[in-house]
Amino acid sequence: QVQLVESGGGQVQAGGSLRLSCACSGFTFSTYTMGWFRQAPGKEREFVAAFRWIGGNIDYADSVKGRFTISRDNAKNTLYLQMNSLRPEDTAVYYCAATKGLTALVTMIAARYDYWGQGTQVTVSS
(Lines give C-alpha, C1' and ligand atoms only; values in the text may rest on other atoms or scores of the structure.)
Protein backbone atom coordinates (compact mmCIF):
# COMPACT_ATOMS: atom_id res chain seq x y z
CA GLN A 1 0.00 0.00 0.00
CA VAL A 2 1.42 3.35 -1.07
CA GLN A 3 1.67 5.92 1.69
CA LEU A 4 3.03 9.46 1.77
CA VAL A 5 2.75 11.08 5.19
CA GLU A 6 3.64 14.75 5.61
CA SER A 7 4.58 16.29 8.94
CA GLY A 8 6.20 19.43 10.29
CA GLY A 9 3.54 21.97 9.46
CA GLY A 10 2.34 24.53 11.95
CA GLN A 11 1.93 28.20 12.66
CA VAL A 12 4.86 30.60 12.48
CA GLN A 13 5.39 34.34 12.28
CA ALA A 14 6.57 36.02 9.11
CA GLY A 15 10.32 35.62 8.74
CA GLY A 16 10.32 32.31 10.57
CA SER A 17 11.22 28.82 9.39
CA LEU A 18 9.65 25.40 9.20
CA ARG A 19 10.90 22.04 7.97
CA LEU A 20 8.41 19.70 6.37
CA SER A 21 8.99 15.96 6.07
CA CYS A 22 7.27 13.37 3.91
CA ALA A 23 7.74 9.74 4.93
CA CYS A 24 7.05 7.37 2.05
CA SER A 25 6.35 3.66 1.78
CA GLY A 26 4.82 1.14 -0.60
CA PHE A 27 6.80 2.17 -3.67
CA THR A 28 10.44 2.39 -4.71
CA PHE A 29 11.14 5.90 -3.46
CA SER A 30 14.57 6.22 -5.09
CA THR A 31 13.09 5.74 -8.58
CA TYR A 32 10.53 8.53 -8.33
CA THR A 33 10.80 12.25 -8.77
CA MET A 34 9.43 13.79 -5.59
CA GLY A 35 7.67 17.11 -5.43
CA TRP A 36 6.04 19.57 -3.07
CA PHE A 37 2.85 21.40 -3.95
CA ARG A 38 0.67 23.75 -1.95
CA GLN A 39 -2.93 24.89 -2.01
CA ALA A 40 -4.29 28.00 -0.35
CA PRO A 41 -8.03 28.45 0.32
CA GLY A 42 -9.88 29.33 -2.86
CA LYS A 43 -6.83 28.77 -5.04
CA GLU A 44 -5.60 26.00 -7.29
CA ARG A 45 -2.88 23.64 -6.19
CA GLU A 46 0.48 25.10 -7.20
CA PHE A 47 3.95 23.72 -7.70
CA VAL A 48 6.57 24.51 -5.07
CA ALA A 49 9.62 22.32 -5.74
CA ALA A 50 10.69 18.99 -7.22
CA PHE A 51 13.73 16.73 -6.93
CA ARG A 52 14.23 14.47 -9.93
CA TRP A 53 15.29 10.92 -9.32
CA ILE A 54 17.80 10.80 -12.21
CA GLY A 55 20.49 13.41 -12.29
CA GLY A 56 19.36 15.06 -9.07
CA ASN A 57 18.03 18.14 -10.86
CA ILE A 58 15.93 20.41 -8.70
CA ASP A 59 13.18 22.78 -9.79
CA TYR A 60 11.67 25.58 -7.74
CA ALA A 61 8.75 27.89 -8.26
CA ASP A 62 9.95 31.46 -8.68
CA SER A 63 8.00 32.48 -5.59
CA VAL A 64 10.12 30.27 -3.29
CA LYS A 65 13.56 30.41 -4.92
CA GLY A 66 16.23 31.40 -2.44
CA ARG A 67 13.94 30.73 0.54
CA PHE A 68 12.94 27.06 0.28
CA THR A 69 15.21 24.03 -0.11
CA ILE A 70 14.01 20.60 -1.17
CA SER A 71 16.05 17.54 -0.28
CA ARG A 72 15.61 13.79 -0.10
CA ASP A 73 17.10 10.88 1.81
CA ASN A 74 16.71 7.74 -0.29
CA ALA A 75 17.96 5.57 2.58
CA LYS A 76 15.10 6.80 4.76
CA ASN A 77 12.51 7.10 1.97
CA THR A 78 11.89 10.65 3.11
CA LEU A 79 11.47 13.96 1.34
CA TYR A 80 12.08 17.30 3.04
CA LEU A 81 11.26 20.95 2.47
CA GLN A 82 13.19 23.52 4.47
CA MET A 83 11.26 26.78 4.41
CA ASN A 84 13.00 29.97 5.53
CA SER A 85 11.97 33.62 5.48
CA LEU A 86 8.33 32.59 5.45
CA ARG A 87 5.73 35.08 4.30
CA PRO A 88 1.97 35.27 4.92
CA GLU A 89 1.43 34.36 1.26
CA ASP A 90 3.12 31.01 1.92
CA THR A 91 0.11 30.02 4.02
CA ALA A 92 -1.38 26.85 2.50
CA VAL A 93 -1.76 23.13 2.84
CA TYR A 94 1.47 21.57 1.64
CA TYR A 95 1.44 18.23 -0.16
CA CYS A 96 4.21 15.88 -1.19
CA ALA A 97 3.79 13.81 -4.32
CA ALA A 98 5.60 11.25 -6.45
CA THR A 99 5.98 10.94 -10.22
CA LYS A 100 8.13 9.04 -12.68
CA GLY A 101 8.52 12.25 -14.67
CA LEU A 102 11.98 13.65 -15.38
CA THR A 103 11.46 16.89 -17.25
CA ALA A 104 10.51 20.26 -15.78
CA LEU A 105 7.38 20.31 -17.93
CA VAL A 106 6.23 17.18 -16.13
CA THR A 107 7.53 17.74 -12.62
CA MET A 108 5.81 21.12 -12.30
CA ILE A 109 2.36 19.78 -13.20
CA ALA A 110 0.24 18.31 -10.42
CA ALA A 111 -1.76 16.11 -12.81
CA ARG A 112 1.42 14.24 -13.77
CA TYR A 113 1.97 12.95 -10.23
CA ASP A 114 0.88 9.43 -9.33
CA TYR A 115 0.88 9.43 -5.55
CA TRP A 116 -0.06 12.11 -3.02
CA GLY A 117 0.07 12.65 0.71
CA GLN A 118 -2.79 14.01 2.79
CA GLY A 119 -1.17 17.40 3.31
CA THR A 120 0.06 19.44 6.24
CA GLN A 121 -1.10 22.95 7.12
CA VAL A 122 1.38 25.82 7.17
CA THR A 123 0.14 29.14 8.51
CA VAL A 124 2.30 32.25 8.47
CA SER A 125 1.09 35.25 10.42
CA SER A 126 2.18 38.82 9.78
Side-chain angles (χ1 to χ4, degrees):
Q1 181 181 0
V2 172
Q3 285 192 314
L4 292 79
V5 181
E6 301 96 336
S7 61
Q11 187 165 353
V12 65
Q13 288 192 328
S17 298
L18 284 173
R19 188 193 195 204
L20 305 184
S21 298
C22 175
C24 303
S25 60
F27 64 101
T28 307
F29 179 83
S30 62
T31 66
Y32 277 76
T33 291
M34 298 300 299
W36 287 100
F37 288 77
R38 65 187 182 186
Q39 188 166 18
K43 295 188 176 181
E44 292 188 354
R45 192 166 298 190
E46 67 172 356
F47 170 77
V48 174
F51 197 130
R52 303 182 212 174
W53 66 280
I54 292 181
N57 299 75
I58 290 175
D59 305 300
Y60 290 104
D62 288 342
S63 59
V64 306
K65 279 181 183 176
R67 300 188 299 122
F68 289 12
T69 302
I70 187 172
S71 61
R72 62 190 295 166
D73 186 335
N74 288 342
K76 295 182 178 180
N77 291 346
T78 302
L79 179 72
Y80 303 98
L81 185 68
Q82 177 66 45
M83 305 186 295
N84 298 329
S85 302
L86 282 161
R87 305 167 180 169
E89 53 263 39
D90 294 319
T91 295
V93 176
Y94 283 71
Y95 300 88
C96 69
T99 178
K100 279 291 194 179
L102 286 171
T103 65
L105 286 178
V106 171
T107 62
M108 297 175 71
I109 301 173
R112 301 302 296 268
Y113 282 73
D114 302 306
Y115 307 129
W116 289 86
Q118 83 290 345
T120 186
Q121 176 70 47
V122 171
T123 302
V124 185
S125 56
S126 57

Mark yes or no for whether [X], through its side chain, and [Y], through its backbone, hold a donor-acceptor pair below 3.5 Å.
X	Y	result
Arg67	Ser85	yes
Trp36	Tyr80	yes
Glu6	Gly119	yes
Arg19	Gly9	no
Thr28	Ser30	no

Does Trp53 share a hydrophobic cluster with Tyr113, counting links as ILVMFWY side-chain heavy atoms below 4.5 Å and allowing steps through other members?
->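 No: no chain of side-chain contacts under 4.5 Å links Trp53 to Tyr113.
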Among the clusters formed by ILVMFWY side chains lying less than 4.5 Å apart, do Ile58 and Val106 turn up in the same one?
-> no
Check whether any side-chain heavy atom of [X] lies under 4.5 Å from a side-chain heavy atom of [Y], and answer yes or no.
X	Y	result
Phe27	Asp114	no
Thr91	Val122	no
Arg38	Asp90	yes
Gln118	Tyr95	no
Leu86	Leu18	yes
Gln82	Ile70	no
Phe51	Thr33	no
Tyr115	Tyr32	yes

Could you grab the distance from atom [atom1] of [X] to atom [atom2] of [Y], nearest 0.5 Å is fine?
X	Y	atom1	atom2	answer
Asn84	Ser17	CG	OG	3.5 Å
Leu81	Thr120	CG	OG1	11.0 Å
Thr107	Arg112	OG1	CZ	10.0 Å
Arg87	Ser126	CZ	OG	14.0 Å
Thr78	Met34	OG1	CE	9.5 Å
Arg52	Asn57	CZ	CG	4.5 Å

May I ask you to check if the distance between the SG atoms of Cys22 and Cys96 is under 2.5 Å?
->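 Cysteines Cys22 and Cys96 qualify as a disulfide pair, their SG atoms being under 2.5 Å apart.
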Between Phe37 and Tyr94, is the gap from one ring center to the other below 6.0 Å?
-> no
Taking the six-membered ring for Trp, is the centroid-to-centroid distance between Phe68 and Tyr60 below 6.0 Å?
-> no
Count the heavy atoms of every other residue, nucleotide or ligand shown that sit under 6.0 Å from NZ of Lys100, and state whether that count exceeds 12.
-> yes
Using a cut-off of 6.0 Å, state whether more than 12 heavy atoms not belonging to Arg45 lie near its atom CZ.
->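 Result for CZ/Arg45: enclosed.
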